[in-house]
Amino acid sequence: MTDHIRVRFAPSPTGSLHIGGARLVMYNVLFAHGQAKREGRDGKFVLRIEDTDRKRLIEGSAENLMEGLRWLGLKWDEGPDIGGPYAPYVQSERKHRYGEIAEQLVSEGKAYRCFCTPERLQEVREQQQREKLPPGYDRHCRNLSAEDVQAKLDAGEPYVIRFAMPLEGETIVPDLLRGDIVYQNDKIDDLVILKSDGFPTYHLAVVVDDHEMDITHVTRGPEWIPTAPLHVQLYKALGWEMPIFAHMPLILNPNGGKLSKRHGGVSLNDFREAGYLPEALLNYFALLGWSLDGKTEIYSMDDLLQHFTLEKVSPSPSTFDRAKLDWLNAQWINHHLTTEDLALRVMPWLIEAGMIAAAPVDTNHPQYATVVGLSGLLKDRIHFLTEAPDLMSYFLIDDLPDYDTDLLVPKKMEAADVLKVLDAAAELLPRLDLDSHEQTEAAFRALAEQLEMKPGQVFMPIRVAATGRAQSPGLFETLAAVGKERLIARIDLARTKLR
RNA sequence: GCCCCGUUAGUCUAGCGGCCCAGGACGUCACCCUUUCAAGGUGAAGAUCACCGGUUCGAAUCCGGUACGGGGUACCA
């Protein structure tokens, strides 16, 4: 067992960060910064950009990806932005190394140049399909004579370098979650390790980078299991010590199959924009495929750092359950965030909606105290940050948007009775200290008695008049937060609506 | 087709040979609390532990096969 642990996340910058990737990063961080440290080992998490596919590069996606991780609060110890002892952390900048190593393997007879054209490969594949044979490269160039190779080289024919897999025996891929996976070597292809443009394929690049960056544990998606024997053989051929492999489980969409765009958001940004909290996302990632005791549901990142172990991650894929994520998000908002914290998180949405001043979001914002108060009132009713502007609107805006007059008249009540209630309320209001919820409540209950109505029959019209809706936080807190001046105006408005 | 991985309620999971005719959570339903909506509380329904064989005094747990689901099968990662 090594005295230190180094793991890495190596995304290709071809789009936005998928939540499967985000979960992988979290596991890496928990492993390096949590489990490793608890076991008394030095743990490092490194971020490396795998940009060897020049055709699929998307401008800015590496930066976008890092921004997403920062938002989640997941930190890396080394990476393209902060550097580190194993720089560079961008694959394309390491290009020359891969060429050298591929050439070395060729000279040792462990790899070979292949001059087959894409057309020929296509033909071979089609023929195999017709004859129902397992598809794969037919090793056409594996036994080319030295003269043939030289002649083609001299003629300037483009080539790739393929790894020469052993033709017999078996390759064992030890997997931390699954145990040994055994492959028959003759079933494994001679895969391309260096492309004709001189860039390595994933297979060569990961092995070289992981080795040169001293990666001890390779965590990645399960889609790499089938090519893992190649990687094992590559380590062998190069005489390098093998890392420990841990292929993590896949996240499925509710209909089975890889989680994809069809089923709502899959990129981290989608969730951010939908008003999810990083805490809830991380909490959910932990619950998907891992469990402490089968009972605990709420975990903070600190809790996880204290308890997470990579070995306990389940190897079986799990279905992404949006409803449970939503529940967790609400749990975090309703019970685990302080009102001050909630206020700060809700403010950017309020600014965007034009409901509070567009000033920097901090405790010095002119309406910070107001929003803290509202956050206290609405904490239990908010499931997503995106709901805040709507739920807080009637507290922050002077003029209520028009609402249906029928709303003012509860079932089993006549408009005339409602008018009586509102008239009485309008008269009562100037004398009340709204900040004293008890006094307000007592006054309105007395009013109900005097009008020979149930309290609810008095409360409801006042609620609607004050807010323009049938649902709100507790009436008396709500009235205080709306403020006396606006309240009087709104009750007057309701009275005119009823007449 | 071939190779590989997986399989406990609709979903996420606990379980590592007797404590399990299977525990927790989401969702669903009912009731309670209540000035509305939430939040909260209580409770209910829901799993022949994929199936079939075997090992064992005893299996969700170990072994084999089958079925189903998923992944891979590129000069993409």
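Convention: sequence-line order gives letters A, B, ...; per-chain numbering from 1. Computed from a predicted structure; not experimentally measured.
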Is any NZ, NE, NH1 or NH2 atom of the basic residue among K420(A) and D423(A) found under 4.0 Å from an Asp or Glu carboxylate oxygen of the other? no
For Q331(A), which contact category applies under a 4.0 Å heavy-atom criterion: base, sugar-phosphate, or nothing? sugar-phosphate
Check the phosphate of rA77(B) against K195(A), side-chain N and O only, distance under 4.0 Å to OP1 or OP2. Yes or no? yes
Run the salt-bridge test on R445(A) and E441(A) with the 4.0 Å N-O cut-off and return the result as yes or no. yes
What integer distance in Å separates F444(A):CZ from rU36(B):P? 16 Å
NZ/NE/NH1/NH2 to OD/OE distance under 4.0 Å, K95(A) and E93(A): no
Donor + acceptor pair across side chains of E279(A), S300(A) (<3.5 Å): no
For P11(A) and for D293(A), locate the closest nucleotide of RNA chain B by heavy-atom distance; then report the residue assigned to the nucleotide nearer the 5' terminus. D293(A)
Can you measure M248(A) atom CE to rG6(B) atom P for me and round it to whole angstrom units? 14 Å
Any-strand Watson-Crick or G-U partner of rG64(B), both distances under 3.5 Å: rC52(B)
Heavy-atom donor-acceptor pair, S472(A) side-chain to rC37(B) base, under 3.5 Å: no
Per atom distances to the R125(A) side chain, the nearest of rA74(B), rA39(B), rG6(B) is rA74(B)
Quick note, P315(A) side chain, CB onward, closest among rG1(B), rG6(B), rC26(B) is rG6(B)
Touch check for G136(A), heavy atoms < 4.0 angstrom, all strands: base, sugar-phosphate only, or nothing? nothing
Heavy atoms from C-beta onward define the side chain here; which of rA14(B), rC75(B), rA77(B) lies closest to that of R56(A)? rA77(B)
In this structure, how many angstroms lie between the C1' atom of rG72(B) and the CD1 atom of I181(A), rounded? 12 Å
Closest of rA38(B), rG71(B), rG10(B) to the R381(A) side chain is rA38(B)
When we call it a touch if two heavy atoms are under 4.0 Å apart, what does P118(A) touch: a base, just sugar-phosphate, or nothing? base
Is there a Watson-Crick or G-U wobble partner for rG40(B) with both distances under 3.5 Å, and which nucleotide is it? rC32(B)
Looking at R94(A) and E100(A), is there a salt bridge between them, counting it only when a charged N and a carboxylate O are closer than 4.0 Å? no
Checking all strands, does R178(A) fall into the base, sugar-phosphate, or nothing category for heavy-atom contacts under 4.0 angstrom? sugar-phosphate
Heavy atoms under 4.0 Å, any strand shown: does E297(A) hit a base, just sugar-phosphate, or nothing? base
Using a distance-only test with no angle check, is there a side-chain donor-acceptor pair under 3.5 angstrom linking S393(A) and D390(A)? no
What is the distance from CG of L230(A) to P of rA74(B), rounded to the nearest Å? 13 Å
Tell me what A470(A) touches on the nucleic acid: a base, only sugar-phosphate, or nothing, going by heavy atoms under 4.0 Å. base
Whole-angstrom distance between rC68(B) and rC52(B), as gauged at atom C1': 14 Å
Please measure how far the P atom in rG64(B) lies from the corresponding atom in rU73(B), and state the result in whole Å. 28 Å
Give S314(A) one of three labels, base, sugar-phosphate or nothing, depending on what nucleic acid heavy atoms sit under 4.0 Å from its own. nothing
How about Y284(A) and W327(A): are their ring centres within less than 6.0 Å of each other? no
Rounded to the nearest angstrom, tell me the gap between atom CG in L328(A) and atom P in rC26(B). 9 Å
If you measure from the P atom in rG41(B) to the same atom in rC63(B), how many Å do you get, rounded? 41 Å
Base, sugar-phosphate, or nothing: which does R469(A) touch, judged by heavy atoms less than 4.0 Å apart? nothing
Would you kindly give the CZ-to-C1' distance between R220(A) and rC4(B), to the nearest whole Å? 14 Å
From CH2 of W224(A) across to C1' of rG6(B) the rounded distance in Å is 20 Å
Using a 4.0 Å heavy-atom cut-off, does V160(A) contact any base of the nucleic acid, only the sugar-phosphate backbone, or nothing at all? base
Checking all strands, does P455(A) fall into the base, sugar-phosphate, or nothing category for heavy-atom contacts under 4.0 angstrom? nothing
The side chain of N334(A) lies closest to which of these nucleotides: rA39(B), rC75(B), rC37(B)? rA39(B)
Between rU13(B) and S318(A), is there an OP1 or OP2 to side-chain N/O distance shorter than 4.0 Å? yes
Pair partner, rU73(B) [Watson-Crick or wobble, under 3.5 Å]: rG1(B)
Can you check the H203(A) NE2 to rG72(B) P distance for me, whole Å? 12 Å
Can you see if the side chain of T319(A) gets near the phosphate of rC12(B) - specifically, an N or O under 4.0 Å from OP1 or OP2? yes
With sugar-phosphate meaning primed atoms plus P, OP1 and OP2, does L475(A) contact a base, only sugar-phosphate, or nothing at under 4.0 Å between heavy atoms? base
Partner nucleotide of rA14(B) by Watson-Crick or wobble geometry (both distances under 3.5 Å): none
State which of rC26(B), rU35(B), rC76(B) makes the closest approach to the side chain of W327(A). rC26(B)
Between R113(A) and Y159(A), is NZ or CZ placed under 6.0 angstrom from the six-membered ring centre and within 45° of the ring axis? yes
Counting only heavy atoms not in E311(A), do more than 12 fall under 6.0 Å of its CD? yes
Remember a base hit wins even if backbone is also touched, and classify P473(A) as base, sugar-phosphate or nothing at under 4.0 Å, heavy atoms. base
Using a strict threshold of under 4.0 Å (side-chain N to carboxylate O), is an ion pair present between D197(A) and R54(A)? no
5' priority, RNA chain B, between T296(A) and R162(A) [closest heavy atom]: T296(A)
By the 4.0 Å heavy-atom rule, please label H247(A) as base, sugar-phosphate, or nothing. nothing
Using atom C1' of each nucleotide, how far apart are rU8(B) and rU48(B) to the nearest Å? 12 Å
Given rC12(B), rC76(B), rC2(B), identify the nucleotide with an atom nearest to the side chain of K187(A). rC2(B)
Gap in Å between the two P atoms, one belonging to rC51(B) and one to rG40(B), rounded: 36 Å
Of the nucleotides rA25(B), rU35(B), rU7(B), which has the atom closest to the F459(A) side chain? rU35(B)
Which nucleotide wins on minimum distance to the side chain of P317(A), given the candidates rC37(B), rG6(B), rU11(B)? rG6(B)
For K295(A), answer base if it contacts any base atom (sugar-phosphate contacts may also be present), sugar-phosphate if it contacts only those atoms, and nothing otherwise; contact means non-hydrogen atoms under 4.0 Å. sugar-phosphate
OP1 or OP2 of rA38(B) versus the side-chain N and O atoms of K379(A): is any pair under 4.0 Å? no
Choosing from rC76(B), rA77(B), rG71(B), which nucleotide comes nearest the side chain of S12(A)? rA77(B)
